[in-house]
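Heads up, the thing below is written out as structure tokens.
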There are 2 protein chains.
Amino acid sequence: MAARPKNPPPDRRGDILDAALRLFAEKGYDAATNAEIARAAGITAAALYYYFPSKEELFRAAVSEHLAQFLPTLTNLTRQGGPPDGGSQEPFRSLLQRALAFFTGEKSQLVLKIILAEGPRRPEIRQIWNEQTAAAFASLMPYLAGAIADGRIRPVDPRLVFVLLQGPLMSAIVLRDLLQIPALQELTDEALVDAVLEVTLPGLLTDGR
Amino acid sequence: MAARPKNPPPDRRGDILDAALRLFAEKGYDAATNAEIARAAGITAAALYYYFPSKEELFRAAVSEHLAQFLPTLTNLTRQGGPPDGGSQEPFRSLLQRALAFFTGEKSQLVLKIILAEGPRRPEIRQIWNEQTAAAFASLMPYLAGAIADGRIRPVDPRLVFVLLQGPLMSAIVLRDLLQIPALQELTDEALVDAVLEVTLPGLLTDGR
DNA sequence: TCGCTTACTGATTGGTCAATTAGTATATAC
DNA sequence: GTATATACTAATTGACCAATCAGTAAGCGA
């Protein structure tokens, strides 16, 4: 009977998007029902259709708008901590630390679960991912290319540099955190970053190790 | 009306498992229907229940038995190509090449899609993955630990060595192949392996670069 | 205070799907 | 050549779920 709520929450739409992101990540698109999402957001299933035209659109909005929230953090990864300076690993330590801290964050992990689960089978999800991360990628490539042009890091394809540095972080996030492989549980973020800095990075810097 | 088939295929169960793996990978567990799987296997949906007690059990069997097929290949990765010998990158080149070739294989990618999609939300899938890959992991760790004990590679936690070498491969498989990020499409397996050998590996070998 | 808009709820519908059941043609054992 | 087990099919059932719809209480501008 209660139609319009007496003390309305300030951001119902945001609440729905948050609930949807969590449930889509935890149970998958099909297994997460409108009723569950609505209940988690404090409304009924029918009310979802007041804010979104379909479950599909709600899904896309949840992924897209949460990814958009990450954009400033991602593009700022290369802007803070200073430029790579002659042979020093400090700017890279800062970059890797903040990148890893970001991707192990709770919200990020929810988004990553969805991207890994639905991305490979949904072109529109891949497109959202590509559009939203393109800016971050586009700021990282000149950062690396510039360091190469200045002779601070060896002339290696910046995309390879990216994969070499980011790969170990991704491996830890997927294997340790998402798949919870027992043998990797004791790996700390610090040890991982240190290892990349001590093992991989020297192979990239022009002054060797 | 046609009940028992006139010329029965030799491995109906295997056909079902193959069809199930493909459809579960392409569409996800919920979106892949019994009817589709059955049709792809050349039978009706009801006949699935002659071979498997439920859709869940079929799913588990498809993942588990296909993973089991990979086991010999995975454990042999460290046995072929020779042991890591003094400062040479050759054994590692062979190891990385074969590992990457394996994981970019068609069947492997189907399994990987399922593991990445369902693993994070299903403990039983993580368990199957852990059980089946534990043997490969258990053969890799002494391989690396032995090389450390012999002083051929630097004393770095073998789990970190694993993550540093495997991470870039995983990054390529996930970002380039599964998420099809445009900027990474031109990355070849060869260039990737070369980069790991030239950049990351020298940081691990005792004689430096 | 009236009328309109906003922000919902409860009930219903149509469709889909996993699972069950009863039946049947083929092969195999004796 | 009959009996029994094997390997299925067609049809049905029950449950669930996305989406729709009619209604309704609260805010709001004139």
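Lettering follows sequence order; numbering is per chain, from 1. Worth saying up front: this structure is predicted, and the values here are computed from it rather than measured.
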Assign the ring pair B:Phe70 / B:Phe102 to parallel, tilted or perpendicular, where the plane angle (0 to 90°) is split at 30° and 60°.
perpendicular
Contacts of A:Ala31 and A:Ala46 projected onto DNA chain D by closest heavy atom; the upstream (5') one is A:Ala31
Nearest-angstrom distance from the residue atom CD1 of B:Ile43 to P of D:dT6
17 Å
Among B:Arg13, B:Arg60, B:Lys107, find the one that has a salt bridge (Lys or Arg N to Asp or Glu O under 4.0 Å) with B:Glu65.
B:Arg13
Please give, in whole Å, the distance from C:dA18 P to B:Glu36 CD?
9 Å
I'd like to know if A:Asp30 and B:Lys27 make a salt bridge, using a cut-off of under 4.0 Å between side-chain N and carboxylate O.
no
So, is B:Tyr50 close to the D:dC8 phosphate, meaning a side-chain N or O under 4.0 Å from OP1 or OP2?
no
Rounded to whole Å, please give me the gap between CG in A:Leu48 and P in C:dG10.
14 Å
Which part of the nucleic acid does A:Ala32 contact within heavy-atom distance under 4.0 Å: base, sugar-phosphate only, or nothing?
sugar-phosphate
Provide, to the nearest angstrom, the distance between the CD1 atom belonging to B:Ile37 and the C1' atom belonging to C:dA19.
14 Å
Indicate whether OP1 or OP2 belonging to C:dC8 is found under 4.0 Å from a side-chain N or O atom of A:Arg12.
yes
Which nucleotide sits closest to the side chain of A:Tyr49: D:dA18, D:dC8, C:dA7?
D:dA18
Rounded interatomic separation in angstrom, taking CG from B:Asn34 and C1' from C:dA18
6 Å
For B:Glu106, does the CD atom sit with more than 12 other heavy atoms under 6.0 Å from it, leaving out its own atoms?
no
Do A:Arg39 and A:Glu36 meet the salt-bridge criterion of a basic N to acidic O distance under 4.0 Å?
no
In whole Å, I'd like the distance from the CZ atom of B:Phe52 to the C1' atom of D:dC8.
15 Å
NZ of B:Lys55 versus C1' of C:dC17: gap in Å, rounded?
8 Å
Would you mind reading off the distance between A:Asp15 atom CG and C:dA7 atom P, rounded to a whole angstrom?
14 Å
Between C:dA7, C:dT9, D:dA19, spot the one nearest the side chain of A:Tyr51, thanks.
C:dA7
If you assign each of A:Ala45 and A:Thr33 to its closest nucleotide in DNA chain D, which residue comes earlier from the 5' end?
A:Thr33
